[in-house]
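By convention in this document, chain letters (A, B, ...) are assigned in the order of the sequence lines, proteins followed by strands, and residues within each chain are numbered from 1. Excluded from the calculations below are hydrogen atoms, water molecules and symmetry mates; all remaining heavy atoms, backbone and side chain alike, are included.
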Protein chains: 2
Amino acid sequence: MTQEQYSKYSFLLDRTARKVKQYAQQQFKSGDFDVTVDQWLVLKNLSENDVLSQTELANLVFKDHPTLTRIIDLLCKKGYVERVPHPQDRRSFQLHLTETGISKVTSLRPEIHHIREKAWEKLSPHDFEEFKRILNTIYQNLNGESLDQ
Amino acid sequence: MTQEQYSKYSFLLDRTARKVKQYAQQQFKSGDFDVTVDQWLVLKNLSENDVLSQTELANLVFKDHPTLTRIIDLLCKKGYVERVPHPQDRRSFQLHLTETGISKVTSLRPEIHHIREKAWEKLSPHDFEEFKRILNTIYQNLNGESLDQ
DNA sequence: TTTATATATTTGTCACACTAACTATTGGTA
DNA sequence: TACCAATAGTTAGTGTGACAAATATATAAA
């Protein structure tokens with residue numbers, strides 16, 4: 001394999017990741033989901049963890065703090081999330097879903113699973129496992145010291 | 001395989017694509033390359049095609065037209081690319097690298113191949129082929145009618 | 001020739017990624 | 001007590017991505 005070919009993966013990876021996000025976003029839009037793909041990821045993680053600080057949530061979804069601040073801002077504006085001051089630590093917030101947020105997650109979850117499946121037509125469960133293995137290996141190769149997940 | 005597991009790929013794909021871009025961008029920065037990862041992709045494609053219109057280039061790099069307009073703006077400001085009015089069609093430009101742009105590509109190309117290889121530690125040539133196959137299949141599954149590449 | 005349609009590019013808006021710098025607060029230590 | 005490093009979160013600046021709409025020009029149809 002030549003050097004030249006080795007560089008191709010980054011192009012295909014970026015192109016496919018963008019397509020996956022774009023496809024999902026279009027489906028979200030045509031279904032009037034009222035959230036973006038990234039906002040959904042945050043809502044989903046909040047629904048699976050009763051209370052989280054922004055730092056804990058940032059580590060779960062692998063987004064940086066400024067990005068998460070803005071996503072939380074938007075989700076608060078939409079009424080799906082609330083920032084509650086931490087009782088002991090005045091620097092931090094406890095994030096939790098509102099009632100509206102909980103029912104939003106409940107109603108969207110099955111629809112989103114359906115959207116996500118579309119990408120796997122013509123691919124096998126074995127492909128799925130190999131794909132996850134390779135993605136995780138690449139991630140760890142580039143992630144310096146911390147070999148999380 | 002449950003529905004839940006099937007949704008995981010989109011998270012891993014997005015996370016890994018961001019890591020790949022972030023890692024490359026850090027290396028670009030510490031090497032004072034003076035371009036971003038996306039700007040490099042554009043320069044590279046221009047270097048492999050003598051003259052291109054913005055539309056032709058956009059199709060090559062799979063970026064939409066507004067995004068490409070802005071990247072070209074930046075590359076022109078940096079002196080790597082020139083927009084030359086098309087002799088017959090006054091709507092379009094012929095893009096080409098300047099002398100500075102050509103030498104920039106020549107000097108960066110080997111360094112960037114080196115950076116790109118890092119992701120493939122602990123992975124085999126077979127993994128590489130499987131990875132490309134799966135990425136392309138996903139892309140085509142979500143790409144509606146046009147099954148390019 | 002006039003009209004309609006298609007093409008090439010730009011502009012504007014919103015969302016996200018990354019960096020750096022900043023505020024406020026906490027907790028340890030001298 | 002006073003200091004100082006670490007932590008939680010925000011703000012600002014730049015680049016990119018998606019989408020819609022606008023502008024200018026070209027080309028085909030009536």
Side-chain angles (χ1 to χ4, degrees), chain A residues 11 14-30 33-42 52-59 61-78 81 83-95 142, chain B residues 11 14-30 33-42 51-59 61-78 81 83-95 142-143:
Chain A
F11 171 73
D14 184 65
R15 183 180 80 153
T16 304
R18 276 188 288 121
K19 176 62 76 179
V20 165
K21 183 176 276 193
Q22 184 196 14
Y23 174 79
Q25 192 60 57
Q26 283 171 350
Q27 301 300 114
F28 277 33
K29 188 177 182 186
S30 71
F33 287 8
D34 187 39
V35 290
T36 66
V37 171
D38 297 282
Q39 287 164 19
W40 163 253
L41 178 64
V42 167
L52 290 173
S53 71
Q54 291 191 196
T55 297
E56 290 166 334
L57 183 53
N59 293 334
V61 298
F62 288 84
K63 291 188 184 296
D64 55 42
H65 296 234
T67 298
L68 196 58
T69 290
R70 267 192 315 271
I71 291 176
I72 298 294
D73 285 347
L74 293 169
L75 290 174
C76 286
K77 254 186 222 163
K78 292 179 181 179
V81 174
R83 283 187 175 102
V84 177
H86 190 289
Q88 275 81 48
D89 189 339
R90 282 185 297 171
R91 293 170 302 179
S92 84
F93 296 107
Q94 293 181 328
L95 303 174
L142 302 182
Chain B
F11 171 73
D14 186 64
R15 183 180 80 151
T16 303
R18 276 188 286 122
K19 176 62 78 178
V20 165
K21 184 176 275 193
Q22 182 196 14
Y23 174 79
Q25 191 61 58
Q26 284 171 350
Q27 301 299 114
F28 278 33
K29 189 175 182 189
S30 70
F33 288 7
D34 188 39
V35 291
T36 67
V37 171
D38 297 281
Q39 287 164 18
W40 163 252
L41 178 65
V42 168
V51 179
L52 290 173
S53 72
Q54 291 191 194
T55 296
E56 290 167 332
L57 184 53
N59 292 335
V61 298
F62 288 84
K63 292 185 183 297
D64 63 15
H65 297 222
T67 299
L68 196 58
T69 291
R70 282 155 193 148
I71 292 176
I72 298 293
D73 284 348
L74 293 171
L75 290 174
C76 286
K77 255 187 221 163
K78 291 180 182 179
V81 174
R83 283 187 174 102
V84 178
H86 189 289
Q88 274 81 47
D89 189 338
R90 282 186 298 170
R91 292 171 303 179
S92 83
F93 296 107
Q94 292 180 328
L95 303 175
L142 303 182
N143 201 34

* To the nearest angstrom, how far is B:His65 atom NE2 from D:dA21 atom P? -> 17 Å
* **Minimum-distance nucleotide (side-chain atoms of B:Arg70 versus C:dC16, D:dA12, C:dT13)** => C:dT13
* **Residue met sooner reading DNA chain D from 5', once A:Gln22 and A:Asp73 are mapped to nucleotides** => A:Asp73
* **Among D:dA12, D:dT25, D:dA18, the one nearest B:Asp64 by side-chain distance** => D:dA18
* Structure fact -> Test side-chain contact (heavy atoms from CB on, under 4.5 Å), reference B:Val42, set B:Leu75, B:Val35, B:Leu52, B:Leu74, output is B:Leu75
* According to a strict under-4.0 Å criterion, is A:Ser92 in side-chain N/O contact with OP1 or OP2 of D:dT7? -> no
* With a 4.0 Å cut-off on heavy atoms, is B:Thr69 in touch with a base, just the backbone sugar-phosphate, or nothing at all? -> base
* Rounded to the nearest angstrom, tell me the gap between atom NZ in A:Lys19 and atom C1' in D:dC19. => 13 Å
* Atom CG of B:Leu41 to atom C1' of D:dG15: distance rounded to whole Å? -> 15 Å
* Structure fact -> Considering only heavy side-chain atoms of A:Arg83, the closest of D:dG9, D:dT10, C:dT9 is D:dT10
* Describe the nucleic acid contact of B:Gln26 in one word from base, sugar-phosphate, nothing, applying a heavy-atom distance below 4.0 Å. => sugar-phosphate
* **Contact check, side chains of A:Lys21 and A:Asp38, non-hydrogen atoms, under 4.5 Å** => yes
* Asked: NA contact type, A:Gln25, heavy-atom cut-off 4.0 Å: base, sugar-phosphate, or nothing?
  -> nothing
* Asked: For the pair made of CZ in A:Arg90 and P in D:dT7, what is the distance, rounded to whole Å?
  -> 19 Å
* Structure fact -> When A:Lys63 and A:Gln88 are each assigned the nearest nucleotide of DNA chain C, the 5'-most assignment goes to A:Lys63
* **Side chains of A:Thr55 and A:Asn59 in contact at under 4.5 Å (non-hydrogen atoms)** => yes
* Asked: Just by modelled atom types, is the B:His65 backbone N or O under 3.5 Å from a matching donor or acceptor in the B:Gln54 side chain?
  -> no
* Asked: From D:dT16, C:dA8, C:dT10, pick the nucleotide closest to the side chain of B:Gln39?
  -> D:dT16
* Would you mind classifying the nucleic acid contact of A:Leu68 as base, sugar-phosphate or nothing, using non-hydrogen atoms under 4.0 angstrom? => nothing
* To do: Check the distance between C:dT10's C1' and B:Leu95's CG and give it to me in whole angstrom.
  => 14 Å
* To do: For the pair A:Asp73 and A:Arg83, find out whether any cationic side-chain nitrogen is under 4.0 Å from an anionic carboxylate oxygen.
  => yes
* Asked: Between A:Thr55 and D:dG9, does any side-chain N or O lie under 4.0 Å from OP1 or OP2?
  -> yes
* State whether the side chain of A:Lys19 and the backbone N or O of B:Leu142 hold a donor-acceptor pair below 3.5 Å, judged by distance alone. => no
* To do: Mind checking A:Ile71 for me? I need base, sugar-phosphate or nothing, with any heavy atom below 4.0 Å counting as a touch.
  => sugar-phosphate
* Distance in angstrom units between A:Asp38 CG and D:dA18 C1', rounded -> 12 Å
* Asked: Closest nucleotide of DNA chain D for A:Lys29 versus for B:Thr67: which of these residues is on the 5' side?
  -> B:Thr67
* Given that A:Arg91 and B:Arg18 both sit by DNA chain C, which one's nearest nucleotide is further toward the 5' end? -> B:Arg18
* To do: In whole angstrom, give the distance that lies between atom CZ of A:Arg15 and atom P of D:dA18.
  => 13 Å
* **Nearest-Å distance for atom pair CZ/C1', residues B:Phe93 and D:dT25** => 12 Å
